[in-house]
**Q** 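My structure is below; once you've seen it, I'll send some questions.
It should be emphasised that the depicted structure is a prediction, and the values quoted were computed from it without experimental measurement.
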Amino acid sequence: MSISRRSVRILGVASASAALALGFAGNALACNISEFSATATCDGTNGVITVTDKDASAVEATITVFLENNGSDAKQIGEAQTVKGSAKGETVSFSEDWLPNATYRIHVKAGNQVDKDITPNLTTPSKACATDSPSPTPSESSPAPSDSATPPAESDTPTPSATESSSTAPATTTDNAPSPAAGSSNLAETGANSNTGMIAGIAGALVVVGGGAVYFGMRRRGATNGR
């Protein structure tokens, strides 16, 4: 009887150990939501949401990403994607030009084992991905040489203006030269004409007076001789 009791005890301990071992093994191989994680990163100038599956049992899981707005789904990001995890981790990526401090809900459906969201929800970084704005900067700097080239053209224009001013200067002197000459000649001619008229008038009067005197003198002499 004592041997049978001991054997029963040994069998009971062995079965309990086997059950515990199977329980631990089952838990180790089961898919769990804690084996999934998500991050928001940048691929150059494009935003990307990446989900990593570290399920060693490699259960196929379907990942769906939603943009949240005030606690509700605003839109689904792309199409749902499937992934089979591994101990080192397998990833799937969703292209999304996320905004800073935006919130995304990531849902995981893995067979009958997982049908939950990754908690907490994914919050994007406070700085968005870099844009293409730096590229226009060189193109804006290119007009700078054209602006610098313009001043020489402006400096060329004053040169002909200086030559024109120099050419006009002698023209003014030539105009001034004849004007006083013309004035002096007019004054000379005017004076000459006025003096000539006076002299001619006086001479004519003297000739008339002298001729008259001579004529009357000769008549008186003739009259005297006739008597």
**Q** Name each donor-acceptor pair under 3.5 Å that joins a side chain in residues 81-89 to protein atoms two or more places apart or in another chain, with its distance.
**A**
residue, atom, partner, partner atom, Å
Q81, NE2, S93, O, 2.8
S86, OG, G89, N, 3.1
S86, OG, E90, OE2, 3.0

**Q** Checking K109 against D115 for the salt bridge (Lys or Arg N to Asp or Glu O under 4.0 Å) test, could you report, in this order, the C-alpha distance in whole Å, the side-chain angles of both residues, the deciding distance, and whether it holds?
**A** CA-CA 4 Å; K109 178 71 169 67; D115 191 1; 5.0 Å; no

**Q** Can you see which heavy atom on V114 is nearest to which on C31, and at what distance?
**A** CG2-O, 3.4 Å

**Q** If you take all heavy atoms of T41 and W98, which pair is closest and at what distance?
**A** O-NE1, 3.1 Å

**Q** Report yes if the side chains of I118 and V51 come closer than 4.5 Å at any heavy-atom pair, otherwise no.
**A** yes

**Q** If you define the side chain from C-beta out and look only at heavy atoms, does anything of N101 sit under 4.5 Å from S126?
**A** yes

**Q** Using 0.5 Å steps for rounding, measure from the CG atom of N46 to the CD atom of E96.
**A** 11.0 Å

**Q** With rounding to the nearest 0.5 Å, note down the distance linking OG1 in T39 to OH in Y104.
**A** 13.0 Å

**Q** In Å, rounded to the nearest 0.5 Å, how long is the span from CD1 of I63 to CZ of F36?
**A** 5.0 Å

**Q** Hey, does I77 have a side-chain heavy atom less than 4.5 Å from the side chain of F66?
**A** no

**Q** Please report the interatomic distance CD(E68) to CD1(I106), rounded to the nearest 0.5 Å.
**A** 9.0 Å

**Q** Going hydrophobic residue to hydrophobic residue with side-chain gaps under 4.5 angstrom, can you get from V59 over to V108?
**A** no

**Q** Give me the one residue out of L122, L67, V92 that meets side-chain contact (heavy atoms from CB on, under 4.5 Å) with I49.
**A** L122

**Q** Can you tell me if D53 uses its side chain to pair, donor with acceptor, with the backbone of D55 under 3.5 Å?
**A** yes

**Q** For the side chain of N32 and the backbone of S34, is there at least one donor-acceptor N/O pair under 3.5 Å apart?
**A** yes

**Q** Ignoring hydrogens, what is the shortest heavy-atom contact between A61 and A110? Give both atom names and the distance.
**A** CB-CB, 3.8 Å

**Q** Nearest 0.5 angstrom please: R105 CZ to Q76 CD, how far?
**A** 9.5 Å

**Q** To the nearest 0.5 Å, what is the distance between OG1 (T124) and CG (L99)?
**A** 7.5 Å

